[in-house]
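Before any comments, here is the structure.
Since the model is a prediction, treat every value here as computed from it, not as a measurement. Residue numbers run from 1 in the order of the sequence given.
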Amino acid sequence: MLTALQIHNFVTIESLEIDFGSGMTTLTGETGAGKSILVDALGLVLGDKADSSLIRSQCERAEITAQFTLPEAEMTAWLELQDIPTDDDECIIRRVLNSNGRSKAYINGSMVTLALLDEFGSRLIDIHGQHAHQSLGSRQHQRQLLDGFAAHDKLCKAVESAWQEWLTTKEKLQELTDQQNEHRDQLRLLQFQLQELDGLAPVAGEWHELEQQQKRLANAQMLISTADEITQQLYAGSGAEERLQNADNRLGELVELDPSLAESHAMIRSALIEIQEASSALQGYAGTVELDPQLLAEVDERLGNYHSLAKKYQCDPDQLADLQEKLKTQLASLENAGETLEALQQQLDKAVQRWKSAAQKLGKSRQKAAKKLQQEVTGQIQQLSMPHGEFQVALHPAKSDEPLRYGQETVEFLVSANPGMTPQPISKVASGGELSRISLAIQVVTAGIGKIETLIFDEVDVGIGGATAEVVGQLLRQIASKRQILCVTHLPQVASQAHLHLRVEKESNKNATSSTVVRLDDKQRVQEIARMLGGVEMTERTLDHAAEMVSRGARS
């Protein structure tokens, strides 16, 4: 809801601050006083395009600030999504116009683009009349109004849920299909690589065993001869064993003379035992070493194959076994891709069927609601000085072979203002006054539906008077029980229904023209209604009539 508006140096307004409340607020004043300037100012602060001609004469810039309350949690969530700070349920929008033609926009102190401001503004205020922010011509808004009037949220959610499932499955299927050519090439490559690796049949740990075996086979003769040579050195002649034996015998005799030599004697004896065991082991080892040139050639060839494939696949030879298992897994995955495609296609077909079923139920509900809506709106239009007016809700089959998010039909509001006239889309209605009254009729019927809390009706009473004007006022007040209404009017029958009455005044001198807004008290309000009734000459009878109208409006 709009709670306050500050305007500085805008057109004929030098400085102005207005506080607004709930219910119905009316703006009146002499022709040319600047009533529509306030509507233009609100349009700018909500994202309309601007130019420097709107800046007050001899000023460098104009500034407009509007303050709102945001009862809808989703509005605050929208601000947070845009990284705009929030302050509970309050929001301040500021628009600055510079004389160089540039403008800046701020939401809660954060600078925003004009597109972002326009998107946010369309959620705050709907202006009805010959101005911007006319959402009623939007097909999307028309569909939302019909669905809200029908109160079939569950059907809408069921359609959207089925559509979302279809879209997600379709994207997965498309992604997998797009990969098929690449997969076929990759499949052939994997099959060739595995054929090479299967030919080698690498075994985990085999590479290191082959290396050791190759070293032993390649140096078998040297290993045998060296082992024999060492054995001879230990045994032959005065070898190590004989010398240690002599030392053991002599130390044994000395220990009897001096027991302190017992430790040295024990170490000599231990070394003798170790030498004997080593000699025995060397003799046995020499008998196990094979001189097998053929086996050596086989080992060399296998090692060469390991080296060749490791170089080709850029890995260590001992990693070939792991690579083989990895490629087998990848191959299995690709070979199963066809099965996945088939399963996804079946899932997609089921999603389409679910969407069709939900969309058909929604379509039937829309048809039923459309008949009721057009009857009620037509009835309201014909009370507003359009006795032959007719409102229609057309449901057109959607031009798409695929599921759509909001169902299988589009919604279009059509209107005929005169007998024999073919109903036309509401967005093409020529008369701004007619469009405003049609908007008013729709708002009356759907007052409890929309989420936009503030509605502005600019000159909705153009071309009407008498009893019809009183009906317009009553309808506006009726809407004001659920929405905040701002109405620019020249009819006393409409103004008398307001909860708050503002009068726009203009003063001129040789140097400048200024417009200001006065908040009327009860006495001033009666005088303003009387002025609207009787023009320049204000009689007691006119004042009494005005007082009666205000009193009657307060009771309605």
Side-chain angles (χ1 to χ4, degrees), residues 1-8 10 13 15-29 34-48 62-76 78-79 84 86-96 105-109 112 116-129 131-136 436 439-440 443 447 450-460 476-477 479-489 494-495 497-504 515-520:
M1 183 179 75
L2 177 66
T3 57
L5 180 67
Q6 294 91 39
I7 304 174
H8 298 284
F10 181 71
I13 297 176
S15 182
L16 176 65
E17 293 188 15
I18 311 173
D19 292 328
F20 295 93
S22 59
M24 176 179 172
T25 298
T26 188
L27 289 89
T28 64
K35 298 186 293 297
S36 292
I37 293 177
L38 295 178
V39 179
D40 294 338
L42 280 169
L44 281 171
V45 85
L46 296 175
D48 281 356
E63 185 172 324
I64 305 165
T65 303
Q67 184 172 336
F68 296 85
T69 56
L70 304 177
E72 291 288 341
E74 65 181 59
M75 297 287 284
T76 302
W78 185 91
L79 290 173
I84 296 173
T86 58
D87 182 14
D88 296 327
D89 62 347
E90 291 190 349
C91 176
I92 296 176
I93 303 177
R94 185 163 64 98
R95 184 84 181 273
V96 179
Y106 304 85
I107 300 178
N108 287 345
V112 296
L116 201 64
L117 179 62
D118 182 67
E119 181 183 349
F120 187 55
S122 66
R123 299 165 180 254
L124 294 173
I125 290 182
D126 203 358
I127 301 179
H128 296 265
H131 299 277
H133 287 270
Q134 180 57 286
S135 64
L136 194 57
S436 295
S439 301
L440 175 60
Q443 289 296 338
K451 294 183 179 180
I452 298 177
E453 190 166 350
T454 301
L455 307 177
I456 297 178
F457 292 92
D458 187 13
E459 304 287 357
V460 296
L476 286 171
R477 190 175 176 96
I479 299 174
S481 64
K482 297 180 180 179
R483 296 280 190 275
Q484 181 189 38
I485 299 297
L486 276 68
C487 176
V488 178
T489 183
V494 174
Q497 295 288 333
H499 299 91
L500 171 65
H501 194 147
L502 303 175
R503 183 176 67 222
V504 182
S515 294
T516 187
V517 175
V518 178
R519 186 186 184 106
L520 303 183

Gap separating the CG atom of Leu500 from the OG atom of Ser22, nearest 0.5 angstrom: 10.0 Å
side-chain contact (heavy atoms from CB on, under 4.5 Å) between Val39 and Leu27, worked out: CA-CA 10 Å; Val39 179; Leu27 289 89; over 6 Å; no
Expected output: side-chain Thr454 to main-chain Ile125 donor-acceptor under 3.5 Å: no
Gap separating the CD1 atom of Ile13 from the OG1 atom of Thr516, nearest 0.5 angstrom: 8.0 Å
Gap separating the CG atom of Leu476 from the CE atom of Met24, nearest 0.5 angstrom: 4.5 Å
CD1 on Ile485 to CG on Leu455, rounded to 0.5 Å: 4.0 Å
Worked verdict on Val488 versus Val504 for side-chain contact (heavy atoms from CB on, under 4.5 Å): CA-CA 10 Å; Val488 178; Val504 182; over 6 Å; no
Interatomic spacing from OH in Tyr106 to OG1 in Thr65 - rounded to 0.5 Å: 11.0 Å
Evaluation steps, side-chain contact (heavy atoms from CB on, under 4.5 Å), between Ile18 and Ile7: CA-CA 9 Å; Ile18 311 173; Ile7 304 174; 5.8 Å; no
Residue pair Thr28 / Ala495: nearest heavy atoms and the distance that separates them: CG2-CB, 3.9 Å
Flag side-chain contact, heavy atom, 4.5 Å: Arg94 against Gln6: no
Ala4 backbone acceptor or donor facing Asp19 side chain under 3.5 Å: no
Test side chain to side chain contact (heavy atoms under 4.5 Å, CB included) applied to Ser481 - qualifying residues, sequence neighbours left out: none
Set of residues satisfying side-chain hydrogen bond (donor to acceptor under 3.5 Å, both in side chains) with respect to Glu119, sequence neighbours excluded: Trp78
Closest heavy-atom pair and its distance - Arg95, Ala105: CD-CB, 4.0 Å
Distance-minimising heavy-atom pair for Ile107 and Ile84: O-CG2, 3.4 Å
Pair His501-Thr26, side-chain donor/acceptor within less than 3.5 Å: no
Check: Arg483 side chain, Ile452 main-chain N or O, donor-acceptor pair, under 3.5 Å: yes
Donor-acceptor contact present, side-chain His8 to main-chain Ser15, <3.5 Å: no
Student check: side-chain heavy atoms of Ser122 and Leu46 closer than 4.5 Å: no
Atom of Leu42, atom of Leu5 and distance for their closest heavy-atom approach: CD2-CD1, 4.0 Å
Beyond-backbone contact of Leu124 with Met75, side-chain heavy atoms, under 4.5 angstrom: yes
Criterion side-chain contact (heavy atoms from CB on, under 4.5 Å) on Leu2 and Phe68, from CA distance to verdict: CA-CA 5 Å; Leu2 177 66; Phe68 296 85; 3.8 Å; yes
Where Ser515 and Ile37 come nearest, the two heavy atoms and their spacing: OG-CD1, 4.5 Å
Flag side-chain contact, heavy atom, 4.5 Å: Leu44 against Phe10: yes
Rounded distance [0.5 Å steps], CG in Leu79 versus CZ in Arg123: 9.0 Å
